[in-house]
Amino acid sequence: MALLDTLLLALKTTFVSGLVLASLYVLMASGLALVWNTLGIFNFTHGAIMAAAAYVAWQISDPKGYGLGLAAGIVGALIASGVMGLVINRLLIAPFLNQKNVVLIAVMTTLSGAFFIENSALLIWGPRIKQLEKVVDGNLRVAGTVISGHEVVIIVIAPLLMLGLWAFLKFTWTGRAIRAVAQNREFAELSGIDVRRMYAVAFATAAMLAGFAGIMLGAIRFITPGLGAEPLLKALIVVILGGLGSIPGTILGAYVVGFSEALSTYYIGAYWTQAVLFLIFIAILLIRPSGLLGKD
Amino acid sequence: MGDVTLDVSGLVSGYGRMPVLHGVDMTITASDKPGLIGPNGHGKTTFFRTISGLNRAWEGTVRFMGEDITNRPAAQIMRLGLVHAPQGNTLFREMSVEENLLLGGFAPRARAVHKTTLEQVFELFPRLAERRRQSARTLSGGERQMVAISCGLMALPKLLVLDEPTLGLSPKLKMELRDAIAKIVESGVQTMIVEQDPEFLSTLTTRLFFMSEGRIEADIGDGQSLEHSRIREMYFGVA
Ligand SMILES: Nc1ncnc2c1ncn2[C@@H]1O[C@H](COP(=O)(O)OP(=O)(O)O)[C@@H](O)[C@H]1O
Ligand SMILES: [Mg+2]
(Lines give C-alpha, C1' and ligand atoms only; values in the text may rest on other atoms or scores of the structure.)
(Ligands and ions follow the chains in the order given, each with its own letter.)
Protein backbone atom coordinates (compact mmCIF):
# COMPACT_ATOMS: atom_id res chain seq x y z
CA MET A 1 0.00 0.00 0.00
CA ALA A 2 2.73 2.42 0.98
CA LEU A 3 4.53 1.76 -2.27
CA LEU A 4 1.36 2.39 -4.27
CA ASP A 5 0.76 5.63 -2.39
CA THR A 6 4.28 6.85 -3.11
CA LEU A 7 3.92 5.99 -6.75
CA LEU A 8 0.58 7.74 -6.98
CA LEU A 9 1.93 10.83 -5.29
CA ALA A 10 4.88 10.88 -7.68
CA LEU A 11 2.52 10.66 -10.62
CA LYS A 12 0.34 13.46 -9.28
CA THR A 13 3.35 15.69 -8.59
CA THR A 14 4.82 15.19 -12.04
CA PHE A 15 1.40 15.67 -13.58
CA VAL A 16 0.91 19.00 -11.84
CA SER A 17 4.40 20.30 -12.54
CA GLY A 18 4.15 19.05 -16.13
CA LEU A 19 0.89 20.90 -16.53
CA VAL A 20 2.46 24.13 -15.27
CA LEU A 21 5.42 23.81 -17.62
CA ALA A 22 3.24 22.84 -20.57
CA SER A 23 0.94 25.81 -20.03
CA LEU A 24 3.91 28.18 -19.89
CA TYR A 25 5.25 26.68 -23.13
CA VAL A 26 1.86 27.14 -24.77
CA LEU A 27 2.02 30.84 -23.91
CA MET A 28 5.64 31.17 -25.05
CA ALA A 29 5.35 29.23 -28.30
CA SER A 30 1.95 30.17 -29.73
CA GLY A 31 3.01 33.65 -30.84
CA LEU A 32 6.16 32.29 -32.42
CA ALA A 33 4.06 29.75 -34.35
CA LEU A 34 1.58 32.42 -35.45
CA VAL A 35 4.37 34.53 -36.93
CA TRP A 36 6.06 31.57 -38.60
CA ASN A 37 2.73 30.41 -39.99
CA THR A 38 1.71 33.82 -41.33
CA LEU A 39 4.91 35.62 -42.32
CA GLY A 40 7.10 32.56 -42.83
CA ILE A 41 9.89 33.85 -40.62
CA PHE A 42 11.26 33.05 -37.18
CA ASN A 43 11.07 36.03 -34.87
CA PHE A 44 14.07 36.04 -32.52
CA THR A 45 12.83 39.12 -30.66
CA HIS A 46 10.12 36.90 -29.18
CA GLY A 47 12.10 36.27 -25.98
CA ALA A 48 13.20 39.89 -25.67
CA ILE A 49 9.56 40.98 -25.87
CA MET A 50 8.82 38.67 -22.93
CA ALA A 51 11.53 40.36 -20.86
CA ALA A 52 10.53 43.87 -21.90
CA ALA A 53 6.89 43.19 -21.06
CA ALA A 54 7.86 41.92 -17.60
CA TYR A 55 9.90 45.10 -17.00
CA VAL A 56 7.07 47.36 -18.16
CA ALA A 57 4.59 45.51 -15.93
CA TRP A 58 7.00 45.90 -13.03
CA GLN A 59 7.55 49.60 -13.75
CA ILE A 60 3.82 50.32 -13.77
CA SER A 61 2.78 48.06 -10.90
CA ASP A 62 5.62 48.00 -8.36
CA PRO A 63 5.71 50.52 -5.50
CA LYS A 64 9.32 51.29 -6.51
CA GLY A 65 8.01 52.15 -9.99
CA TYR A 66 4.71 53.97 -10.55
CA GLY A 67 2.90 51.84 -7.96
CA LEU A 68 -0.34 51.58 -9.91
CA GLY A 69 -1.07 47.97 -9.06
CA LEU A 70 -0.73 44.71 -10.90
CA ALA A 71 -3.86 44.99 -13.07
CA ALA A 72 -2.67 48.30 -14.51
CA GLY A 73 0.78 46.78 -14.95
CA ILE A 74 -0.56 43.81 -16.94
CA VAL A 75 -2.77 45.94 -19.18
CA GLY A 76 0.01 48.46 -19.76
CA ALA A 77 2.55 45.76 -20.53
CA LEU A 78 0.21 44.03 -22.98
CA ILE A 79 -0.38 47.29 -24.84
CA ALA A 80 3.37 47.97 -24.83
CA SER A 81 4.00 44.48 -26.24
CA GLY A 82 1.55 45.03 -29.06
CA VAL A 83 3.15 48.38 -29.93
CA MET A 84 6.60 46.79 -29.75
CA GLY A 85 5.39 44.12 -32.16
CA LEU A 86 4.17 46.74 -34.63
CA VAL A 87 7.47 48.65 -34.44
CA ILE A 88 9.60 45.51 -34.80
CA ASN A 89 7.54 44.39 -37.79
CA ARG A 90 7.77 47.82 -39.40
CA LEU A 91 11.51 48.27 -38.88
CA LEU A 92 12.98 44.77 -38.94
CA ILE A 93 10.72 42.70 -41.16
CA ALA A 94 8.43 44.69 -43.48
CA PRO A 95 11.29 46.35 -45.42
CA PHE A 96 12.69 42.94 -46.40
CA LEU A 97 9.51 41.02 -47.19
CA ASN A 98 10.03 41.13 -50.94
CA GLN A 99 13.62 39.91 -50.76
CA LYS A 100 14.17 36.33 -51.81
CA ASN A 101 16.19 35.45 -48.71
CA VAL A 102 13.83 37.15 -46.29
CA VAL A 103 14.01 34.16 -43.91
CA LEU A 104 17.75 34.61 -43.39
CA ILE A 105 17.56 38.38 -43.31
CA ALA A 106 14.85 38.19 -40.64
CA VAL A 107 17.04 35.91 -38.52
CA MET A 108 19.73 38.57 -38.55
CA THR A 109 17.51 41.61 -38.10
CA THR A 110 15.44 40.07 -35.30
CA LEU A 111 18.55 38.73 -33.52
CA SER A 112 20.01 42.24 -33.59
CA GLY A 113 16.65 43.58 -32.46
CA ALA A 114 16.68 41.19 -29.53
CA PHE A 115 20.14 42.38 -28.45
CA PHE A 116 18.98 45.96 -28.78
CA ILE A 117 15.87 45.41 -26.66
CA GLU A 118 17.72 43.43 -23.98
CA ASN A 119 20.50 46.01 -23.69
CA SER A 120 18.00 48.85 -23.61
CA ALA A 121 16.23 47.08 -20.74
CA LEU A 122 19.55 46.79 -18.92
CA LEU A 123 20.22 50.48 -19.52
CA ILE A 124 16.77 51.57 -18.34
CA TRP A 125 16.20 49.24 -15.39
CA GLY A 126 19.74 48.42 -14.35
CA PRO A 127 21.21 45.12 -13.24
CA ARG A 128 19.21 44.84 -10.01
CA ILE A 129 16.99 41.81 -10.11
CA LYS A 130 13.27 42.45 -9.96
CA GLN A 131 10.17 40.34 -9.57
CA LEU A 132 6.48 40.85 -10.24
CA GLU A 133 3.75 40.16 -7.73
CA LYS A 134 1.90 36.93 -8.25
CA VAL A 135 -1.50 37.26 -9.88
CA VAL A 136 -3.06 35.31 -7.01
CA ASP A 137 -1.52 34.86 -3.56
CA GLY A 138 -1.35 31.65 -1.64
CA ASN A 139 -1.16 27.98 -2.44
CA LEU A 140 -3.65 25.35 -3.32
CA ARG A 141 -3.62 21.68 -2.35
CA VAL A 142 -4.72 19.67 -5.35
CA ALA A 143 -4.85 15.89 -5.08
CA GLY A 144 -2.28 15.77 -2.36
CA THR A 145 0.28 18.10 -3.93
CA VAL A 146 0.82 21.81 -3.41
CA ILE A 147 0.50 24.29 -6.24
CA SER A 148 0.60 28.08 -6.12
CA GLY A 149 -2.47 30.09 -7.05
CA HIS A 150 -0.38 31.86 -9.72
CA GLU A 151 0.36 28.52 -11.36
CA VAL A 152 -3.31 27.58 -11.29
CA VAL A 153 -4.04 30.80 -13.17
CA ILE A 154 -1.41 29.91 -15.78
CA ILE A 155 -2.84 26.41 -16.19
CA VAL A 156 -6.34 27.77 -16.69
CA ILE A 157 -5.51 30.80 -18.83
CA ALA A 158 -3.23 29.07 -21.35
CA PRO A 159 -5.96 26.91 -22.91
CA LEU A 160 -8.46 29.78 -22.67
CA LEU A 161 -6.12 32.06 -24.59
CA MET A 162 -5.63 29.37 -27.22
CA LEU A 163 -9.39 29.04 -27.50
CA GLY A 164 -9.59 32.80 -27.97
CA LEU A 165 -6.84 32.74 -30.61
CA TRP A 166 -8.61 29.91 -32.43
CA ALA A 167 -11.93 31.77 -32.39
CA PHE A 168 -10.20 34.94 -33.62
CA LEU A 169 -8.57 33.13 -36.54
CA LYS A 170 -11.68 31.11 -37.32
CA PHE A 171 -14.60 33.47 -36.97
CA THR A 172 -13.48 37.08 -37.49
CA TRP A 173 -12.90 38.71 -40.88
CA THR A 174 -9.42 39.76 -39.84
CA GLY A 175 -8.57 36.31 -38.48
CA ARG A 176 -9.74 34.63 -41.66
CA ALA A 177 -7.73 37.11 -43.70
CA ILE A 178 -4.60 36.33 -41.65
CA ARG A 179 -5.01 32.62 -42.42
CA ALA A 180 -5.71 33.45 -46.06
CA VAL A 181 -2.48 35.41 -46.37
CA ALA A 182 -0.60 32.52 -44.78
CA GLN A 183 -2.02 30.00 -47.25
CA ASN A 184 -1.95 31.88 -50.53
CA ARG A 185 -0.54 35.38 -50.56
CA GLU A 186 -1.37 36.10 -54.20
CA PHE A 187 -4.97 34.91 -54.02
CA ALA A 188 -5.34 36.93 -50.80
CA GLU A 189 -4.26 40.07 -52.67
CA LEU A 190 -6.72 39.27 -55.47
CA SER A 191 -9.41 39.03 -52.77
CA GLY A 192 -8.71 42.60 -51.70
CA ILE A 193 -6.79 41.73 -48.54
CA ASP A 194 -4.07 44.17 -47.53
CA VAL A 195 -1.32 41.63 -46.96
CA ARG A 196 1.05 43.94 -45.10
CA ARG A 197 -1.69 45.01 -42.74
CA MET A 198 -2.48 41.39 -41.90
CA TYR A 199 1.21 40.74 -41.26
CA ALA A 200 1.25 43.66 -38.83
CA VAL A 201 -1.87 42.43 -37.01
CA ALA A 202 -0.48 38.88 -36.76
CA PHE A 203 2.85 40.18 -35.50
CA ALA A 204 1.25 42.44 -32.89
CA THR A 205 -0.98 39.59 -31.69
CA ALA A 206 2.06 37.34 -31.39
CA ALA A 207 3.95 40.02 -29.48
CA MET A 208 1.07 40.35 -27.03
CA LEU A 209 1.11 36.59 -26.47
CA ALA A 210 4.86 36.83 -25.81
CA GLY A 211 4.23 39.76 -23.49
CA PHE A 212 1.68 37.79 -21.52
CA ALA A 213 4.10 34.88 -21.17
CA GLY A 214 6.73 37.33 -19.92
CA ILE A 215 4.38 38.81 -17.33
CA MET A 216 3.48 35.35 -16.01
CA LEU A 217 7.16 34.36 -15.91
CA GLY A 218 8.14 37.57 -14.16
CA ALA A 219 6.37 36.45 -11.01
CA ILE A 220 7.92 32.97 -10.94
CA ARG A 221 11.45 33.76 -12.09
CA PHE A 222 13.54 36.87 -11.57
CA ILE A 223 13.25 39.58 -14.18
CA THR A 224 16.52 40.08 -16.00
CA PRO A 225 17.13 41.23 -19.58
CA GLY A 226 17.71 37.58 -20.44
CA LEU A 227 14.40 36.43 -18.95
CA GLY A 228 13.15 35.31 -22.35
CA ALA A 229 16.29 33.63 -23.67
CA GLU A 230 15.65 30.10 -22.40
CA PRO A 231 11.89 30.39 -23.08
CA LEU A 232 12.67 31.37 -26.68
CA LEU A 233 14.75 28.23 -27.11
CA LYS A 234 11.96 26.12 -25.59
CA ALA A 235 9.43 27.82 -27.81
CA LEU A 236 11.54 27.03 -30.88
CA ILE A 237 11.68 23.37 -29.87
CA VAL A 238 7.95 23.28 -29.24
CA VAL A 239 7.11 24.94 -32.56
CA ILE A 240 9.37 22.66 -34.59
CA LEU A 241 8.18 19.59 -32.71
CA GLY A 242 4.53 20.52 -33.22
CA GLY A 243 4.93 20.90 -36.97
CA LEU A 244 6.17 24.28 -38.11
CA GLY A 245 3.52 26.91 -37.70
CA SER A 246 0.59 24.61 -37.01
CA ILE A 247 -1.06 26.10 -33.93
CA PRO A 248 -2.81 22.89 -32.79
CA GLY A 249 0.56 21.17 -33.32
CA THR A 250 2.28 23.82 -31.23
CA ILE A 251 -0.17 23.31 -28.38
CA LEU A 252 0.33 19.53 -28.55
CA GLY A 253 4.09 20.09 -28.71
CA ALA A 254 3.95 22.28 -25.61
CA TYR A 255 2.18 19.59 -23.60
CA VAL A 256 4.52 16.84 -24.86
CA VAL A 257 7.60 18.88 -23.92
CA GLY A 258 6.10 20.02 -20.60
CA PHE A 259 5.17 16.53 -19.40
CA SER A 260 8.39 14.98 -20.71
CA GLU A 261 10.36 17.58 -18.83
CA ALA A 262 8.44 17.01 -15.59
CA LEU A 263 8.74 13.22 -15.82
CA SER A 264 12.40 13.37 -16.70
CA THR A 265 13.17 15.83 -13.90
CA TYR A 266 11.46 13.58 -11.38
CA TYR A 267 12.78 10.21 -12.48
CA ILE A 268 16.09 10.99 -14.14
CA GLY A 269 17.03 14.29 -12.55
CA ALA A 270 17.22 17.91 -13.59
CA TYR A 271 20.81 17.52 -14.75
CA TRP A 272 19.89 15.13 -17.57
CA THR A 273 16.58 16.66 -18.47
CA GLN A 274 17.79 18.93 -21.27
CA ALA A 275 19.54 15.96 -22.88
CA VAL A 276 16.42 13.82 -22.52
CA LEU A 277 14.31 16.57 -24.12
CA PHE A 278 16.64 16.76 -27.09
CA LEU A 279 16.56 12.96 -27.43
CA ILE A 280 12.76 13.02 -27.51
CA PHE A 281 12.91 15.94 -29.94
CA ILE A 282 15.23 14.09 -32.32
CA ALA A 283 13.33 10.81 -31.98
CA ILE A 284 10.02 12.43 -32.88
CA LEU A 285 11.52 14.27 -35.83
CA LEU A 286 13.11 11.03 -37.05
CA ILE A 287 9.72 9.37 -37.09
CA ARG A 288 7.78 12.43 -38.26
CA PRO A 289 10.20 14.82 -40.00
CA SER A 290 7.58 17.53 -40.36
CA GLY A 291 6.61 17.47 -36.70
CA LEU A 292 3.68 16.05 -34.76
CA LEU A 293 0.89 17.75 -36.73
CA GLY A 294 2.96 19.18 -39.57
CA LYS A 295 2.06 18.73 -43.21
CA ASP A 296 4.49 16.83 -45.38
CA MET B 1 -21.01 51.75 -77.63
CA GLY B 2 -21.36 52.93 -74.07
CA ASP B 3 -18.84 53.73 -71.36
CA VAL B 4 -15.34 52.38 -71.52
CA THR B 5 -14.75 49.71 -68.89
CA LEU B 6 -11.17 48.81 -69.54
CA ASP B 7 -8.68 50.73 -71.59
CA VAL B 8 -5.20 49.32 -71.98
CA SER B 9 -2.61 50.90 -74.19
CA GLY B 10 0.95 49.92 -75.06
CA LEU B 11 1.25 47.47 -72.19
CA VAL B 12 4.69 45.89 -71.88
CA SER B 13 5.53 43.38 -69.17
CA GLY B 14 7.40 40.14 -68.60
CA TYR B 15 9.47 38.08 -66.22
CA GLY B 16 13.01 38.92 -65.20
CA ARG B 17 14.41 40.76 -68.19
CA MET B 18 12.39 38.85 -70.76
CA PRO B 19 9.37 40.71 -72.11
CA VAL B 20 6.23 38.64 -72.71
CA LEU B 21 3.80 41.40 -73.59
CA HIS B 22 5.04 43.62 -76.42
CA GLY B 23 2.60 46.52 -76.29
CA VAL B 24 -0.93 45.29 -75.74
CA ASP B 25 -3.82 47.58 -76.68
CA MET B 26 -7.36 46.71 -75.66
CA THR B 27 -10.48 48.76 -75.15
CA ILE B 28 -13.67 47.26 -73.75
CA THR B 29 -16.95 49.13 -73.44
CA ALA B 30 -19.82 48.36 -71.11
CA SER B 31 -21.90 46.75 -73.83
CA ASP B 32 -19.20 44.29 -74.90
CA LYS B 33 -19.21 40.65 -73.93
CA PRO B 34 -15.48 40.17 -74.27
CA GLY B 35 -13.43 37.02 -74.70
CA LEU B 36 -9.74 36.44 -75.21
CA ILE B 37 -8.25 33.54 -77.10
CA GLY B 38 -4.77 32.60 -78.10
CA PRO B 39 -2.39 29.70 -78.07
CA ASN B 40 -0.72 28.45 -74.94
CA GLY B 41 2.20 30.53 -73.69
CA HIS B 42 1.46 33.68 -75.69
CA GLY B 43 0.86 35.97 -72.71
CA LYS B 44 -2.85 35.80 -71.86
CA THR B 45 -2.26 35.04 -68.18
CA THR B 46 0.60 37.53 -68.01
CA PHE B 47 -1.69 40.21 -69.43
CA PHE B 48 -4.29 39.68 -66.72
CA ARG B 49 -1.73 39.40 -63.97
CA THR B 50 -0.37 42.75 -65.08
CA ILE B 51 -3.67 44.63 -65.28
CA SER B 52 -4.76 43.25 -61.89
CA GLY B 53 -1.57 44.35 -60.18
CA LEU B 54 0.20 41.02 -59.59
CA ASN B 55 2.92 41.75 -62.16
CA ARG B 56 4.48 45.14 -62.82
CA ALA B 57 3.77 46.97 -66.05
CA TRP B 58 7.08 48.01 -67.61
CA GLU B 59 5.46 50.41 -70.04
CA GLY B 60 1.99 51.50 -71.01
CA THR B 61 -1.15 52.39 -69.07
CA VAL B 62 -4.17 50.57 -67.73
CA ARG B 63 -7.34 52.52 -67.11
CA PHE B 64 -10.38 50.99 -65.44
CA MET B 65 -13.69 52.87 -65.35
CA GLY B 66 -11.81 56.01 -66.25
CA GLU B 67 -9.24 55.67 -63.47
CA ASP B 68 -5.54 55.08 -64.07
CA ILE B 69 -4.73 51.87 -62.19
CA THR B 70 -1.33 51.14 -63.72
CA ASN B 71 0.86 49.36 -61.16
CA ARG B 72 -1.49 49.94 -58.24
CA PRO B 73 -1.48 47.26 -55.53
CA ALA B 74 -3.63 44.25 -56.47
CA ALA B 75 -5.87 44.63 -53.43
CA GLN B 76 -6.70 48.22 -54.44
CA ILE B 77 -7.46 47.34 -58.06
CA MET B 78 -9.72 44.54 -56.94
CA ARG B 79 -11.61 46.92 -54.67
CA LEU B 80 -12.40 49.12 -57.67
CA GLY B 81 -14.27 46.16 -59.18
CA LEU B 82 -11.72 44.61 -61.54
CA VAL B 83 -11.83 41.07 -60.18
CA HIS B 84 -9.51 38.35 -61.44
CA ALA B 85 -10.20 34.64 -60.96
CA PRO B 86 -6.70 33.34 -61.63
CA GLN B 87 -5.72 30.41 -63.80
CA GLY B 88 -5.21 27.06 -62.10
CA ASN B 89 -7.79 27.52 -59.33
CA THR B 90 -5.31 28.49 -56.65
CA LEU B 91 -7.66 28.64 -53.70
CA PHE B 92 -7.13 28.78 -49.95
CA ARG B 93 -6.57 25.06 -49.87
CA GLU B 94 -6.76 24.46 -46.14
CA MET B 95 -10.02 26.34 -45.75
CA SER B 96 -13.59 25.25 -46.30
CA VAL B 97 -15.57 26.16 -49.41
CA GLU B 98 -17.59 28.61 -47.36
CA GLU B 99 -14.50 30.30 -45.92
CA ASN B 100 -13.06 30.66 -49.42
CA LEU B 101 -16.27 32.30 -50.59
CA LEU B 102 -16.40 34.62 -47.58
CA LEU B 103 -12.84 35.71 -48.33
CA GLY B 104 -13.90 36.43 -51.90
CA GLY B 105 -16.28 38.95 -50.35
CA PHE B 106 -13.71 40.40 -47.96
CA ALA B 107 -13.57 43.91 -49.39
CA PRO B 108 -15.87 46.35 -47.52
CA ARG B 109 -18.28 46.99 -50.41
CA ALA B 110 -18.86 43.25 -50.87
CA ARG B 111 -18.77 42.38 -47.17
CA ALA B 112 -21.81 44.54 -46.46
CA VAL B 113 -24.01 42.24 -48.57
CA HIS B 114 -22.08 38.97 -48.36
CA LYS B 115 -25.02 36.94 -47.06
CA THR B 116 -27.20 37.73 -50.08
CA THR B 117 -24.37 37.16 -52.53
CA LEU B 118 -23.56 33.84 -50.90
CA GLU B 119 -27.14 32.68 -51.43
CA GLN B 120 -27.00 33.71 -55.09
CA VAL B 121 -23.74 31.82 -55.55
CA PHE B 122 -25.20 28.69 -53.96
CA GLU B 123 -28.19 29.00 -56.31
CA LEU B 124 -25.83 29.10 -59.28
CA PHE B 125 -23.70 26.21 -58.00
CA PRO B 126 -25.87 24.00 -55.75
CA ARG B 127 -22.95 21.58 -55.51
CA LEU B 128 -20.98 24.17 -53.54
CA ALA B 129 -23.81 24.49 -51.04
CA GLU B 130 -23.57 20.75 -50.41
CA ARG B 131 -19.82 21.01 -50.00
CA ARG B 132 -19.70 24.24 -48.03
CA ARG B 133 -17.98 22.70 -44.98
CA GLN B 134 -15.53 20.64 -47.04
CA SER B 135 -11.94 21.78 -47.32
CA ALA B 136 -10.99 23.18 -50.74
CA ARG B 137 -8.08 20.75 -50.92
CA THR B 138 -10.46 17.80 -51.16
CA LEU B 139 -12.59 19.15 -54.05
CA SER B 140 -12.54 17.85 -57.62
CA GLY B 141 -11.07 20.03 -60.36
CA GLY B 142 -14.49 21.13 -61.56
CA GLU B 143 -15.64 22.02 -58.08
CA ARG B 144 -12.49 24.06 -57.52
CA GLN B 145 -13.21 26.03 -60.66
CA MET B 146 -16.72 26.65 -59.37
CA VAL B 147 -15.23 27.98 -56.13
CA ALA B 148 -12.75 30.18 -58.01
CA ILE B 149 -15.52 31.70 -60.14
CA SER B 150 -17.76 32.09 -57.10
CA CYS B 151 -15.05 33.84 -55.12
CA GLY B 152 -14.92 36.35 -57.96
CA LEU B 153 -18.68 36.79 -57.81
CA MET B 154 -18.59 37.29 -54.05
CA ALA B 155 -16.47 40.39 -54.71
CA LEU B 156 -19.32 42.07 -56.65
CA PRO B 157 -17.20 42.57 -59.76
CA LYS B 158 -17.74 45.31 -62.31
CA LEU B 159 -15.50 43.35 -64.64
CA LEU B 160 -14.90 39.69 -63.85
CA VAL B 161 -11.90 38.06 -65.50
CA LEU B 162 -11.97 34.27 -65.74
CA ASP B 163 -8.60 32.88 -66.79
CA GLU B 164 -9.18 29.50 -68.44
CA PRO B 165 -12.02 28.37 -66.18
CA THR B 166 -12.31 24.97 -67.87
CA LEU B 167 -8.63 24.06 -68.00
CA GLY B 168 -8.26 20.30 -67.66
CA LEU B 169 -11.96 19.53 -67.28
CA SER B 170 -13.98 16.82 -68.99
CA PRO B 171 -16.25 17.87 -71.92
CA LYS B 172 -19.32 17.27 -69.77
CA LEU B 173 -18.05 19.49 -66.96
CA LYS B 174 -17.00 22.07 -69.51
CA MET B 175 -20.59 22.31 -70.77
CA GLU B 176 -21.87 22.57 -67.23
CA LEU B 177 -19.51 25.43 -66.46
CA ARG B 178 -20.34 27.14 -69.73
CA ASP B 179 -24.02 27.18 -68.76
CA ALA B 180 -23.17 28.65 -65.39
CA ILE B 181 -20.97 31.32 -66.96
CA ALA B 182 -23.75 32.11 -69.41
CA LYS B 183 -26.04 32.78 -66.46
CA ILE B 184 -23.44 35.11 -64.94
CA VAL B 185 -23.13 37.02 -68.19
CA GLU B 186 -26.93 37.22 -68.53
CA SER B 187 -27.26 38.53 -64.99
CA GLY B 188 -25.38 41.60 -66.18
CA VAL B 189 -21.94 41.01 -64.71
CA GLN B 190 -19.48 41.95 -67.43
CA THR B 191 -17.20 38.95 -67.78
CA MET B 192 -13.99 38.59 -69.75
CA ILE B 193 -13.39 34.93 -70.47
CA VAL B 194 -10.02 33.58 -71.45
CA GLU B 195 -9.89 30.33 -73.35
CA GLN B 196 -7.74 28.44 -75.78
CA ASP B 197 -10.79 26.98 -77.45
CA PRO B 198 -12.73 29.56 -79.54
CA GLU B 199 -15.65 27.13 -79.79
CA PHE B 200 -16.28 27.43 -76.06
CA LEU B 201 -16.66 31.19 -76.32
CA SER B 202 -18.91 31.33 -79.36
CA THR B 203 -22.14 31.53 -77.36
CA LEU B 204 -20.72 33.58 -74.47
CA THR B 205 -19.06 36.51 -76.16
CA THR B 206 -19.83 39.21 -78.68
CA ARG B 207 -16.30 40.47 -78.98
CA LEU B 208 -13.25 38.33 -79.30
CA PHE B 209 -9.65 39.38 -78.90
CA PHE B 210 -6.95 37.18 -80.28
CA MET B 211 -3.58 37.29 -78.56
CA SER B 212 -0.47 36.09 -80.24
CA GLU B 213 3.14 36.53 -79.11
CA GLY B 214 2.27 39.19 -76.59
CA ARG B 215 0.13 41.36 -78.87
CA ILE B 216 -3.54 41.62 -79.74
CA GLU B 217 -3.46 40.40 -83.31
CA ALA B 218 -7.18 40.59 -84.02
CA ASP B 219 -10.26 42.16 -82.48
CA ILE B 220 -13.41 40.61 -83.85
CA GLY B 221 -16.62 42.45 -83.11
CA ASP B 222 -20.26 41.48 -83.21
CA GLY B 223 -21.49 40.03 -86.48
CA GLN B 224 -18.08 38.95 -87.65
CA SER B 225 -17.52 35.25 -87.45
CA LEU B 226 -14.75 33.12 -86.14
CA GLU B 227 -14.25 31.85 -89.61
CA HIS B 228 -12.32 35.04 -90.09
CA SER B 229 -9.47 33.86 -92.21
CA ARG B 230 -6.76 35.74 -90.37
CA ILE B 231 -7.59 33.95 -87.15
CA ARG B 232 -7.77 30.60 -88.84
CA GLU B 233 -4.41 31.24 -90.33
CA MET B 234 -2.76 32.33 -87.12
CA TYR B 235 -4.46 29.91 -84.83
CA PHE B 236 -4.56 26.76 -86.82
CA GLY B 237 -1.77 27.49 -89.26
CA VAL B 238 -4.02 27.04 -92.28
CA ALA B 239 -5.63 29.70 -94.40
N1 LIG C 1 6.37 32.97 -63.54
C2 LIG C 1 6.96 33.00 -64.74
N3 LIG C 1 8.30 33.17 -64.83
C4 LIG C 1 8.91 33.22 -66.04
N5 LIG C 1 8.28 33.10 -67.22
C6 LIG C 1 6.94 32.92 -67.19
C7 LIG C 1 6.22 32.87 -65.96
N8 LIG C 1 4.92 32.70 -66.23
C9 LIG C 1 4.83 32.64 -67.58
N10 LIG C 1 6.03 32.78 -68.15
C11 LIG C 1 6.31 32.79 -69.59
O12 LIG C 1 5.59 33.83 -70.18
C13 LIG C 1 5.05 33.44 -71.42
C14 LIG C 1 3.56 33.68 -71.44
O15 LIG C 1 2.93 32.85 -70.48
P16 LIG C 1 1.41 33.01 -70.07
O17 LIG C 1 1.14 34.44 -69.84
O18 LIG C 1 1.15 32.08 -68.97
O19 LIG C 1 0.68 32.54 -71.40
P20 LIG C 1 -0.80 31.99 -71.61
O21 LIG C 1 -1.63 32.35 -70.44
O22 LIG C 1 -1.24 32.66 -72.86
O23 LIG C 1 -0.69 30.51 -71.79
C24 LIG C 1 5.44 31.98 -71.61
O25 LIG C 1 6.55 31.93 -72.47
C26 LIG C 1 5.81 31.52 -70.25
O27 LIG C 1 6.81 30.55 -70.31
MG1 LIG D 1 -2.70 31.17 -69.20
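Residue numbers start from 1 in every chain, and the chains themselves are labelled A, B, ... in the order their sequence lines are given, proteins ahead of strands.
- Of all the heavy atoms in B/Met95 and A/Ala180, the pair that sits closest is CE-N, 3.3 Å.
- Heavy atoms closer than 4.5 Å to chain A are found in both the backbone and the side chain of B/Leu102.
- Counting non-hydrogen atoms of other residues, nucleotides and ligands closer than 6.0 Å to CZ of A/Phe259 gives a total above 12.
- For chain B, the nearby parts of A/Ala188 are the backbone and the side chain; heavy atoms of each come within less than 4.5 Å.
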**Message:** For a side-chain contact (heavy atoms from CB on, under 4.5 Å) check, start with the C-alpha distance between A/Leu190 and B/His84, then their side-chain angles and the critical distance, and finish with the verdict.
**Reply:** CA-CA 7 Å; A/Leu190 287 180; B/His84 175 179; 4.1 Å; yes

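- By the 6.0 Å contact criterion, CZ on A/Arg90 is open, its count of non-hydrogen atoms from other residues, nucleotides or ligands being 12 or less.
- Considering only heavy-atom pairs separated by less than 4.5 Å from chain A, the leading option among B/Ala110, B/Pro86, B/Pro73 is B/Pro86.
- Annotation: side chain of B/Arg49 is in contact with side chain of A/Glu186 (closest heavy-atom distance under 4.5 Å).
- In this structure, B/Glu99 CD and A/Lys170 NZ are separated by 4.0 Å, a value rounded to the nearest 0.5 Å.
- For the pair A/Arg179 and B/Glu94, the salt-bridge criterion is not met [side-chain N within less than 4.0 Å of a carboxylate O].
- In A/Arg197, the CZ atom is not crowded: 12 or fewer heavy atoms of neighbouring residues, nucleotides or ligands sit closer than 6.0 Å.
- For B/Leu103, the parts lying under 4.5 angstrom from a heavy atom of chain A are both the backbone and the side chain.
- Between B/His114 and A/Trp173, the ring planes are perpendicular. Angles over 60° get that label, and only those under 30° would be called parallel.
- The only option from A/Ile193, A/Thr174, A/Asp194 that meets the side chain to side chain contact (heavy atoms under 4.5 Å, CB included) definition with B/Phe106 turns out to be A/Ile193.
- For the set B/Met154, B/Arg79, B/Met78, the count of heavy-atom pairs under 4.5 angstrom toward chain A peaks at B/Met78.
- Under a 3.5 Å cut-off, the side chain of A/Asn184 and the backbone N or O of B/Leu91 do form a donor-acceptor pair.
- Of the inter-residue distances, the one linking B/Arg137 atom CZ with A/Gln183 atom CD reads 9.5 Å to the nearest 0.5 angstrom.
- There is no contact between B/Leu82 and chain A, counting heavy-atom distances below 4.5 Å.
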